[in-house]
S.K.: 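Have a look at the structure that comes next, please.
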There are 2 protein chains.
Amino acid sequence: MRPTVHDIAAEAGVSLATVDRVLNNRPGVRSVTRDKVERAIATLGYVRDVAAANLAKGRSYSLIFILPAGENSFMRGLEAEVRAAMAHSPAERTEIAILSVPAFDARALADAVAEAHRRRPAGVAVVAVDAPEVTQAVKRLREDGIAVVTLVSDLPGSMRDHFAGVDNIAAGRTAGNLMGRFLGDRPGPVAVVAGSMLVRDHRERLEGFQGVMRQCFETRLLLPVVEGQDDAALVEKLVGALIERHPDLAGIYSLGAGNRGLVAAVEKAGREMKICAIAHELTPHSRAALLSGTIDVLLNQDAGHEVRSAIRVLKAKADGLAVIEAQERIRIDIFLKDNLPIEQA
Amino acid sequence: MRPTVHDIAAEAGVSLATVDRVLNNRPGVRSVTRDKVERAIATLGYVRDVAAANLAKGRSYSLIFILPAGENSFMRGLEAEVRAAMAHSPAERTEIAILSVPAFDARALADAVAEAHRRRPAGVAVVAVDAPEVTQAVKRLREDGIAVVTLVSDLPGSMRDHFAGVDNIAAGRTAGNLMGRFLGDRPGPVAVVAGSMLVRDHRERLEGFQGVMRQCFETRLLLPVVEGQDDAALVEKLVGALIERHPDLAGIYSLGAGNRGLVAAVEKAGREMKICAIAHELTPHSRAALLSGTIDVLLNQDAGHEVRSAIRVLKAKADGLAVIEAQERIRIDIFLKDNLPIEQA
DNA sequence: ATATTTTTGATTTACGTACATCAAAACTTC
DNA sequence: GAAGTTTTGATGTACGTAAATCAAAAATAT
């Protein structure tokens, strides 16, 4: 049997109350006594029974998720994952609320953060837009002792506790490497379609992609990046124009959302087998395009993992516990049509 | 507050004892009463507080992991993950033991399974060798009500409860797709190095790889597969011979272990930049080779995920609970040098 | 109707921790 | 050494469930 608080009390020759005071660092214990207890804990290898502890305190964590609105499939999937977590919340002793804000709107986001602040939750998860007013609002949260995790897109300098998302520079580099190798000696320029340079994840992907292309495939012409605002209709127009202007277009890297538009434009031009298309995020549409061959590679971040990691981290931070960063790393999934997971219901 | 057993008793108009009888299906409840209670459970949306339940029963699960011995880095990593799980075992109410057996030895493995059987654990996880005596031994475990999960390599027809590993056919197809695309129009044949056709995961990877190569890259010559027994020295010899016999060798798919040998042979021949090498499993050696460029792609299965999934499933099965298969799927990681995770301590 | 069996209720203890209260003891300080 | 302060002990209740016991009630059989 694993040791309990009683065993520690016996081993240390103190009372249960004192052990409790040490374990939950309550005041009123001499440092000599504290040492005795801590030694007993170490020699017995005591670990707190988390289940029993949670049962006893019966506390619950209130968390707020701030997510962008709009019809971006990935974000809707993310929201679905948050709602799934809400469904389990009684079992996890969490109370989760969602705040929805317009995409790419720093002002609205800063307001939402302030609103979250007013509600005084234990923690906040936010898909960040990289702007000073947002940074300030997040800083204020932190100064008030509220845990903050950035989700999907980071916000350095905001003192956020943790970033739950992928390494977007690595993602961009990976896309660049695959693009370069897939194209081989085939001639023609490569286009990049982003959502908006206002969000850090897009900027970082671009940086990684351009870095690898310039470094390892320096003969390949890179067209200037166009911004599609993660909007399918706009992306379709932009990509259509690109294809028209560059009949020899060899590849497209779409590092944001709005892939419906990308697919529509490429297929309308009848160039689905000629253009190497690399895009982000597995959605019903992008999955279909990968299977049909219009998209060649999908880079993906698992929204479910990100949400669950964010919740774990927020709970830990709210308790003042350390987070094992390595365990919370979100990996970049690379999907070809051959390793696509079975579709889920 | 979420409802408790007391609330159910009140709602159903029965005593706590009766609720307990229904919840833990103990005998001695009329079906009318049972229905009443079940209706109360449904209307209140009661869910058992697992933490409290575990605390109350104070049960612990004894599990046995049967792993191959030898210096295969992946298997050693797997064992390290099991030991890591053992370290947390007090908190998880599990007692894990490891049985080590010679690799690719069906007879020894069947004996080990029988030994595990004798110890009457709640569950067994086994890296399977696909042979009739192993299948039989596993069947006997299952007939005795012991939960069984196959790990890394599956054993269909053994009535195992679950397979904790990747879809190896998809892994092989992915390797094939990448090999075909990376080579493009470059001439030269492609070689395949396996560990042993005795284990199902290697057979399946081969099947997937050959399938894609024949189907999508039909002009590419595929050399007959050679078996390196996951032994670095043997692999080095075999690959060295292959390179010598086929000076125009364009690619090598190493679907088993022993990558140290692969790397050594390719580098000795000075062909690290000419041969496209795709291998499996991220280890210190393969990581170095990926970074240096000798290996172009690494397919990986996360040993930690597999072990933790196996433990979750074994515990669930031991309790007679259902497993959400989709949640336990192990994904195939694809690593290029650009998306390699930071090295861990 | 009585005897017998089955079903239900009431109550208690236990799991390991958290948290609160009050009294007793051990230190300080002057 | 008395008064004050700090530290420690003893004890109890609570969390939500499991599991057991024994008595009471209801159903069934005779």
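Every chain is numbered from 1, with letters handed out A, B, ... down the list of sequences.
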S.K.: Is the shortest side-chain N/O distance from B:Thr18 to OP1 or OP2 of C:dG9 below 4.0 Å?
M.R.: yes

S.K.: Does A:Ser15 put a side-chain nitrogen or oxygen below 4.0 Å from OP1 or OP2 of D:dG9?
M.R.: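 A:Ser15 to D:dG9 OP1/OP2: side-chain N or O found under 4.0 Å.
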
S.K.: Which of these nucleotides, C:dC15, C:dG16, C:dT11, is closest to any side-chain atom of A:Asp49?
M.R.: C:dG16

S.K.: Of all the nucleotides listed (D:dG9, D:dT17, C:dG9), which has the minimum atom distance to the side chain of B:Tyr46?
M.R.: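 Selected nucleotide: D:dT17.
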
S.K.: A:Leu23 has an atom CG; how far is it from atom C1' of C:dC19, in whole Å?
M.R.: 13 Å

S.K.: Which of the following nucleotides, C:dG9, C:dT17, D:dG16, is nearest to the side chain of B:Ala52?
M.R.: D:dG16

S.K.: Report which part of the nucleic acid B:Gly58 touches: base, sugar-phosphate, or nothing (heavy-atom distance under 4.0 Å, all strands).
M.R.: nothing

S.K.: Name the closest nucleotide to the A:Arg26 side chain, picking from C:dC15, C:dC19, C:dG16.
M.R.: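 The closest nucleotide is C:dC19.
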
S.K.: Does a side-chain N or O of B:Arg30 approach OP1 or OP2 of D:dA27 to a distance below 4.0 Å, or not?
M.R.: yes

S.K.: Rounding to a whole Å, what distance do you find between B:Lys57:NZ and D:dG16:P?
M.R.: 17 Å

S.K.: Apply side chain to side chain contact (heavy atoms under 4.5 Å, CB included) to B:Ile64 and B:Leu99, showing your working.
M.R.: CA-CA 7 Å; B:Ile64 298 181; B:Leu99 251 44; 4.1 Å; yes

S.K.: Please determine whether a side-chain nitrogen or oxygen atom of A:Arg21 lies at a distance below 4.0 Å from atom OP1 or OP2 of D:dG9.
M.R.: no

S.K.: Is A:Glu115 paired with A:Arg119 through a side-chain N to carboxylate O contact shorter than 4.0 Å?
M.R.: yes

S.K.: Quick check: are there more than 12 heavy atoms from other residues, nucleotides or ligands sitting under 6.0 Å from CD of A:Glu133?
M.R.: yes

S.K.: Give the intermediate values and the outcome of side chain to side chain donor-acceptor pair (under 3.5 Å) for residues A:Ser62 and A:Glu95.
M.R.: CA-CA 5 Å; A:Ser62 67; A:Glu95 278 179 52; over 6 Å; no

S.K.: Heavy atoms under 4.0 Å, any strand shown: does A:Ala53 hit a base, just sugar-phosphate, or nothing?
M.R.: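 Result for A:Ala53 = sugar-phosphate.
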
S.K.: Round to a whole Å and report the spacing from NE2 of A:His6 to P of C:dT17.
M.R.: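 It is 8 Å, rounded to the nearest whole Å.
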
S.K.: Measure the distance from CD1 on A:Ile41 to P on C:dG16 and round it to the nearest whole Å.
M.R.: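 Atom CD1 in A:Ile41 sits about 16 Å away from atom P in C:dG16.
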
S.K.: Without decimals, in angstroms, what is the distance between B:Asn54 CG and D:dT17 C1'?
M.R.: 10 Å

S.K.: For B:Arg48 and A:Val29, take the nucleotide of DNA chain D holding the closest heavy atom to each; which residue's nucleotide lies nearer the 5' end?
M.R.: A:Val29

S.K.: Check every atom of C:dA10, D:dG9, D:dA14 against the side chain of A:Ala56 and return the nucleotide holding the closest atom.
M.R.: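 Nearest listed nucleotide: D:dA14.
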
S.K.: CG of B:Leu16 versus P of D:dT17: gap in Å, rounded?
M.R.: 9 Å

S.K.: Identify, between B:Leu55 and A:Ser31, the residue whose nearest nucleotide on DNA chain D lies closer to the 5' end.
M.R.: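 Closest to the 5' end, via its nearest nucleotide, is A:Ser31.
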
S.K.: Tell me, with the steps shown, if A:Arg48 and A:Asn24 meet side chain to side chain donor-acceptor pair (under 3.5 Å).
M.R.: CA-CA 11 Å; A:Arg48 190 197 239 100; A:Asn24 300 292; 2.7 Å; yes

S.K.: So what does B:Asn24 hit on the nucleic acid, given a heavy-atom distance under 4.0 Å: a base, only sugar-phosphate, or nothing?
M.R.: sugar-phosphate

S.K.: Figure out the CG/C1' separation between A:Asp20 and D:dT7, and round it to whole Å.
M.R.: 15 Å

S.K.: Between A:Glu79 and A:Arg83, is there a side-chain N and carboxylate O pair less than 4.0 Å apart?
M.R.: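 Result for this pair is yes, salt bridge flagged.
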
